[in-house]
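Working notes, beginning with the structure itself.
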Amino acid sequence: MSAPAVNANANTNPNSVSFPAPRVTLPLGIPVLQTYSGAFICLEILFGGLVWILVASSNVPVPLLQGWVMFVSLTMFVGSCLYLSVYLCGLADRVDTDWNMVDFVYHFIAFVFYFGASLLEAATTSAAVDPGSFNGTLGGAKLITLLDFRQYSINVVATIFSFVVTLCYACSLTLALRRWKL
């Protein structure tokens, strides 16, 4: 008689969870800065910090709208710094996860939040009225913000850079989607 067949999986615990090896297609260390994704992350940090500084320097005349812009710009600034440091320090090799999916999810959330923040900043800027010309009768205007020329100029620049950061996140999102799915 022949010996019974030995199941190869008989020695493994059926309740154990196995994780896939980390999928990292971006280089680790300084070479990440030589890729398009690394360059876009650096631009996101640079311009995102600039949006944060510009909105804060305008003394946040409309806190309900610009509070969200400040929250998004600060949160994504810190998030992008942490995300870039994970690749610069080589920590992506030590954590078992699909870093391409994490990259896609992070940049998708950042793009959606920044797009909304850009629209709010543009709405704040476009509803600006010079306090000297405000007489209380502006017809059917639903949103009025009283900004002096300095605050208006700062908000215009913040709006432009906010849309630039949104474009950088959109480019990073596209690159992340290509790495994740293709």
- Item | Parallel, tilted or perpendicular: rings of Phe149 and Tyr152 (30°, 60°) | tilted
- What distance do Leu65 atom CG and Thr124 atom OG1 have between them, rounded to the nearest 0.5 Å? 4.0 Å
- Tightest non-hydrogen contact, residues Val69 and Ala117, listed as CG2-O, 3.3 Å
- Query: Would you say the side-chain atoms of Ser57 pair up with the backbone N or O of Leu54, donor to acceptor, closer than 3.5 Å?
  - Reply: yes
- Task: Walk me through it: do Cys42 and Leu84 pass the test side-chain contact (heavy atoms from CB on, under 4.5 Å)?
- Result: CA-CA 8 Å; Cys42 289; Leu84 184 61; 4.0 Å; yes
- Item | Common cluster, Ile154/Val165, ILVMFWY with side-chain heavy-atom separation under 4.5 Å | yes
- With the side chain counted from C-beta on, respond yes when Trp68 and Phe113 share a heavy-atom pair under 4.5 Å apart, and no when they do not. yes
- Should Leu167 and Phe104 be counted in the same cluster of Ile, Leu, Val, Met, Phe, Trp and Tyr side chains packed under 4.5 Å apart? no
- Query: When hydrophobic residues are tied together by side-chain contacts of less than 4.5 Å, even through go-betweens, does Phe163 share a cluster with Phe71?
  - Reply: no
- Message: With rounding to the nearest 0.5 angstrom, report the OG to CD distance, Ser73 to Glu44.
- Response: 13.5 Å
- Is the closest side-chain heavy-atom distance between Trp99 and Tyr87 below 4.5 Å? yes
- Message: Nearest 0.5 angstrom please: Cys171 SG to Ile41 CD1, how far?
- Response: 12.5 Å
- Please lay out, stage by stage, how Tyr106 and Met76 fare under the test side-chain contact (heavy atoms from CB on, under 4.5 Å). CA-CA 9 Å; Tyr106 170 71; Met76 294 305 140; 4.0 Å; yes
- Message: For Asn155 versus Thr159, what's the shortest heavy-atom pair and its separation?
- Response: O-OG1, 2.7 Å
- Query: Among Phe47, Phe115, Tyr114, which one satisfies side-chain contact (heavy atoms from CB on, under 4.5 Å) with Ser162?
  - Reply: Tyr114
- Query: OG/Ser118 to CD1/Ile160 distance, rounded to the nearest 0.5 angstrom?
  - Reply: 11.5 Å
- Query: Between atom CD of Glu121 and atom OG1 of Thr166, what is the distance when rounded to the nearest 0.5 Å?
  - Reply: 11.0 Å
- Query: Hey, quick one: are Leu43 and Phe108 part of the same hydrophobic cluster, counting side-chain heavy atoms closer than 4.5 Å, chains of contacts allowed?
  - Reply: yes
- Cluster question for you: counting only ILVMFWY and a side-chain heavy-atom cut-off of under 4.5 Å, with indirect links fine, are Val157 and Val51 together? yes
- Item | Interatomic distance, Ser80 atom OG to His107 atom NE2 [nearest 0.5 angstrom] | 5.5 Å
- Donor-acceptor pair between Tyr83 and Ser172 side chains, under 3.5 angstrom: no
- Query: Can any side-chain N or O of Trp52 pair as donor or acceptor with the backbone N or O of Leu74 at less than 3.5 Å?
  - Reply: no
- Message: Do Val78 and Leu82 have side chains that approach each other closer than 4.5 Å (heavy atoms only, starting at C-beta)?
- Response: yes
- Message: So for atom CZ, which belongs to Arg150, do other residues, nucleotides or ligands contribute more than 12 heavy atoms lying within a distance under 6.0 Å?
- Response: yes
- Message: Donor-acceptor check, side chain of Gln151 to backbone of Ser58, threshold 3.5 angstrom: yes or no?
- Response: yes
